[in-house]
Amino acid sequence: MEVNLEVGLKHQVEKMVSDQDTAKKYGSGDLDVYATPAMIALMENASTNCVKGQLPLGFTTVGIEINVKHLRATPVGVKVRAEAILEKVDGKRLFFKVEAYDDLGKIGEGINIRYLVNAEEFVGRTTRPTQ
C-alpha cells in the first residue's frame, strides 16, 4: 500500500484551557496551569488530523515518538492552539513539526513522529486473550 502524502500539509486545533487541563488535575504538577500532557495531546491531535483526510479508508496513524519543550505556563480560561506541519515522510513514518501557542505567544515546540497503520489490523494485534 502506497500513500502519497504531501510534505508541507498543515493543521491547527484549538481549545480553551479548563480546570480539567491543569497540571494539578493531570497529576503532572501541583499548579492550576495548562499541563504539559494536555499540550502534548493537543499537538498529537493536530498531527493526527493533519493527514487524516489524505489516508486510505481504514488507515490511521499512531504516535511512536514525541519530543517537546513546554516553554511557558498558560492559566485556565485562556485559548491555546497547536499547529502541526508534515515535514518528512519515510515509508510509513511521518515526521511532524509541532508548536503550541496561547494569546501571548509560543508555549511549546517539538516533533511528533507517527506511524501509518491499518486500524483494524493494529487493534487486532493489541488484544490479548482472556484467561
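Because the structure is a prediction, the values reported are computed rather than measured.
- Atom-to-atom distance recorded for Q54:CD and N4:CG is 10.5 Å, nearest 0.5 angstrom.
- In plain terms, the two heavy atoms of C50 and A84 that are nearest each other are SG-O, 4.0 Å.
- In this structure, L31 shares a hydrophobic cluster with V33, the cluster being traced through Ile, Leu, Val, Met, Phe, Trp and Tyr side chains under 4.5 angstrom apart.
- Within the model, atoms CD1 of I111 and CD1 of I85 stand 14.0 Å from one another, a figure rounded to the nearest 0.5 Å.
- Taking both residues in full, the closest heavy atoms of R93 and Y115 are given as CG-CD1, 3.6 Å, listed atom of the first, atom of the second, then distance.
- The environment of D30 atom CG is sparse: at most 12 non-hydrogen atoms of other residues, nucleotides or ligands sit within 6.0 angstrom.
- Applying the salt bridge (Lys or Arg N to Asp or Glu O under 4.0 Å) criterion to D103, with sequence neighbours excluded, gives no partner residue.
- By the side-chain contact (heavy atoms from CB on, under 4.5 Å) test, L104 pairs with R72, D102, sequence neighbours left out.
- Residues that satisfy the side chain to side chain donor-acceptor pair (under 3.5 Å) test with N118, not counting sequence neighbours, are absent from this structure.
- Among residue pairs with one or both ends in residues 31-43, those qualifying as side-chain hydrogen bond (donor to acceptor under 3.5 Å, both in side chains) are T36-H70; sequence neighbours excluded.
- Within the 4.5 Å cutoff, the side chain of N49 has heavy atoms near those of the H11 side chain.
- To the nearest 0.5 Å, atom CG of residue N112 and atom OG1 of residue T48 are 7.0 Å apart.
- Checked against salt bridge (Lys or Arg N to Asp or Glu O under 4.0 Å), E99 has the following partners two or more places apart in sequence or in another chain: K97, K106.
- Atom CG in L71 sits 10.0 Å away from atom OH in Y101 (nearest 0.5 Å).
- Contact of the L94 side chain with the V89 side chain is registered, since non-hydrogen atoms from C-beta on lie closer than 4.5 Å.
- Between L42 and V80, the shortest heavy-atom distance links the atoms CD2-CG2, 3.9 Å.
- Closest approach of L55 to T60, counting heavy atoms only: CD1-CA, 3.7 Å.
- The list of salt bridge (Lys or Arg N to Asp or Glu O under 4.0 Å) pairs with a residue in residues 45-58, not counting sequence neighbours, is empty.
- In plain terms, the two heavy atoms of I40 and V68 that are nearest each other are CG1-CG2, 3.6 Å.
- Note on residues 111-120: pairs passing salt bridge (Lys or Arg N to Asp or Glu O under 4.0 Å), not counting sequence neighbours, are E44-R114.
- Separating the CD atom in E87 from the CG atom in L9 is a distance of 12.0 Å, to the nearest 0.5 Å.
- Not a single side chain to side chain donor-acceptor pair (under 3.5 Å) links K69 to another residue, sequence neighbours left out.
- For E83, the side chain to side chain donor-acceptor pair (under 3.5 Å) criterion is met by R81, not counting sequence neighbours.
- Taking all atoms of both residues into account, the shortest heavy-atom contact from Y26 to A35 is CD1-CB, 3.8 Å.
- Residues that satisfy the salt bridge (Lys or Arg N to Asp or Glu O under 4.0 Å) test with E65, not counting sequence neighbours, are absent from this structure.
- Annotation: K79, atom NZ; neighbour count of heavy atoms from other residues, nucleotides and ligands within 6.0 Å does not exceed 12.
- Side-chain contact annotation: D21 with S18, donor-acceptor N/O pair under 3.5 Å present.
- Residues satisfying the side chain to side chain donor-acceptor pair (under 3.5 Å) test with S28, not counting sequence neighbours, are none.
- Side-chain contact between K10 and Q12 is absent, with no heavy atoms from C-beta onward closer than 4.5 Å.
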